[in-house]
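Atoms considered below: every heavy atom in the structure, side chains included; atoms not considered: hydrogens, waters and symmetry mates. Note that this is a predicted model, so its numbers are computed, not measured. So you know, we letter chains A, B, ... as the sequences are listed, proteins then strands, and number each from 1.
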2 protein chains.
Amino acid sequence: MIKRLSLYSRILQSFEFQGIEKISSAEVARRLGLNSAQVRKDLACFGQFGIPGFGYHVNDLRKQVRGILKTDREMRVILVGVGNLGTALLSYRGFLKQGFTMLFGFDVNPRSAEGRTRSNVPIYDIRDLESKIEGQRIDIAVLAVPVEVAQEVTNRLVKCGVLAILNFVPMRIEVPAHIQVRYVDFSLELESLAYYVQDREKAKRE
Amino acid sequence: MIKRLSLYSRILQSFEFQGIEKISSAEVARRLGLNSAQVRKDLACFGQFGIPGFGYHVNDLRKQVRGILKTDREMRVILVGVGNLGTALLSYRGFLKQGFTMLFGFDVNPRSAEGRTRSNVPIYDIRDLESKIEGQRIDIAVLAVPVEVAQEVTNRLVKCGVLAILNFVPMRIEVPAHIQVRYVDFSLELESLAYYVQDREKAKRE
DNA sequence: CTTACTTTGTGAATGATTTCACAAAGTACG
DNA sequence: CGTACTTTGTGAAATCATTCACAAAGTAAG
């Protein structure tokens with residue numbers, strides 16, 4: 001549901017950019033492939049932002065939604081594991097939206113990682129994780145290390161006071177209940193696509 | 001649900017690797033953080049693979065699951081958009097699991113894309129998409145182009161007979177009903193994590 | 001063969017999410 | 001001001017997913 005809020009935020013931004021000032025739940029729903037009642041319910045959850053017979057003021061609603069998501073505050077992020085994937089994440093504009101700051105990266109081999117990266121985020125040795133983080137507020141860690149060390153690194157991150165982990169490692173990590181984890185797993189998506197593709201070909205034959 | 005099957009497949013592989021021959025739904029559930037009834041139900045959906053009072057034969061079950069997912073067949077994949085993200089996907093071992101073959105990439109600037117990539121997948125000009133694909137069976141296209149051209153490229157892919165799209169572009173793409181689309185959206189995940197992080201800090205204060 | 005366990009497969013119960021449908025509240029315009 | 005129209009916010013209904021709980025079917029061991 002929070003993910004949908006984030007979608008609303010994104011689409012409102014694009015409306016704003018296009019100079020559209022007023023929008024209905026039906027239009028938002030159409031653009032995102034949702035049901036309009038759902039859009040209204042999601043928004044109504046946090047207050048009454050709409051005007052019956054009119055719709056929503058784009059500017060207004062966007063401000064509200066950003067307030068709910070707290071994307072109007074600074075989020076401090078670190079990257080752990082600067083291999084192929086990590087490097088890509090660093091150089092991929094659009095990964096870090098407005099409000100998110102990548103402070104530094106960590107790798108077992110910071111030299112070669114630093115060379116690969118074209119961003120100006122400093123890369124430190126993972127052995128120095130604790131000392132570098134010490135005293136800093138870190139909100140989110142992006143985890144992109146090899147599977148073998150994922151749990152161990154996670155434990156260290158939690159000890160360091162990281163509050164949330166975006167996990168790109170294709171494996172479940174164990175964390176205390178108060179730590180938020182979100183999973184991004186490409187190959188899983190690819191495999192599940194394969195299932196439906198095959199279905200389609202069978203359907204054609206039958 | 002199909003995604004869970006893929007998870008089962010992955011964990012069974014690791015059991016097999018560890019030389020474990022017999023497994024119970026409860027153990028699989030524990031490892032994946034699921035309920036054992038769910039595991040049994042998911043599997044029972046496609047046949048009776050288990051033995052009451054014993055559990056499941058790992059080898060056997062794995063074969064069955066791979067059969068269901070059709071990951072025992074070859075899936076032919078292309079990559080469209082070889083920018084930062086696309087490059088990373090090409091070099092990221094583990095993206096393409098067993099059974100998936102990356103045939104080629106396409107970009108508006110194939111030269112610079114080719115240079116960046118350390119894989120040996122050939123990169124062609126996107127203008128030649130139709131002619132290069134012509135006559136080939138392409139199952140899945142991985143979409144990693146800029147937002148502005150995503151819909152246009154999608155239309156061309158569909159015309160070329162691509163059956164499924166793994167979309168890394170942070171926007172909804174419109175496709176005919178018989179085309180499967182799966183979305184991977186990092187920044188959405190990051191934003192939603194932020195929401196919970198803030199909640200947590202508030203919770204501490206209160 | 002029999003008794004004591006274990007674990008599956010699955011209806012029924014519960015819980016969560018989505019959609020429907022409509023009163024209430026607004027707009028727009030003569 | 002009043003009438004016709006639009007769109008919200010939201011209970012109630014419908015749909016979908018998860019979990020419970022237990023009979024049935026097996027194992028294991030004497």
(message) Taking ring-ring contact (aromatic ring centres under 6.0 Å, His included) as the cut-off, I'd like each qualifying pair that reaches into residues 47-85 of chain B, sequence neighbours left out, listed once.
(response) B/Phe54-B/His57

(request) Not counting sequence neighbours, which residues clear salt bridge (Lys or Arg N to Asp or Glu O under 4.0 Å) with A/Lys3? List them please. (result) B/Glu189

(request) Scan for ring-ring contact (aromatic ring centres under 6.0 Å, His included) pairs involving residues 60-95 of chain B, sequence neighbours excluded, and state none if there are none. (result) A/Phe186-B/Phe95

(message) Counting only heavy atoms and a strict 4.0 angstrom limit, can you tell me which residues of residues 40-65 of chain B come near DNA chain C?
(response) B/Arg40, B/Lys41, B/Ala44, B/Gln48, B/Phe49, B/Gly50, B/Ile51, B/Pro52, B/Gly53, B/Phe54, B/Gly55, B/Tyr56

(message) B/Ile165 and side chain to side chain contact (heavy atoms under 4.5 Å, CB included): which single residue from B/Leu163, B/Val162, B/Val169 fits?
(response) B/Val162

(message) Could you work out, with ring pair (Phe, Tyr, Trp, His ring centres under 6.0 Å) as the rule, every residue matching B/Phe100, not counting sequence neighbours?
(response) none

(request) Check the distance between D/dT15's C1' and B/Met1's CE and give it to me in whole angstrom. (result) 18 Å

(request) To the nearest Å, give me how far apart CD (A/Gln38) and P (C/dA16) are. (result) 16 Å

(request) Check side chain to side chain donor-acceptor pair (under 3.5 Å) between B/Asp125 and all other residues, then give those that pass, not counting sequence neighbours. (result) B/Arg127

(request) Would you kindly give the CZ-to-P distance between B/Arg30 and C/dT7, to the nearest whole Å? (result) 14 Å

(request) Report the distance from atom NZ of A/Lys22 to atom P of C/dT27, rounded to the nearest whole Å. (result) 11 Å

(request) Residues of residues 2-17 of chain A with any non-hydrogen atom less than 4.0 angstrom from an atom of DNA chain C: list those, numerically ordered, please. (result) A/Arg4

(request) For A/Lys132, check salt bridge (Lys or Arg N to Asp or Glu O under 4.0 Å) against everything at least two apart and list the hits. (result) none

(message) Filter on salt bridge (charged side-chain N to carboxylate O under 4.0 Å, His left out), then keep only pairs touching residues 171-187 of chain B, sequence neighbours left out; what's left?
(response) A/Arg10-B/Asp185, B/Arg172-B/Glu174

(request) Measure from CG on B/Asn35 to P on C/dA13 and round the result to the nearest Å. (result) 18 Å

(message) Is B/Ser25 close enough to C/dT8 that one of its side-chain N or O atoms is under 4.0 Å from OP1 or OP2 there?
(response) yes

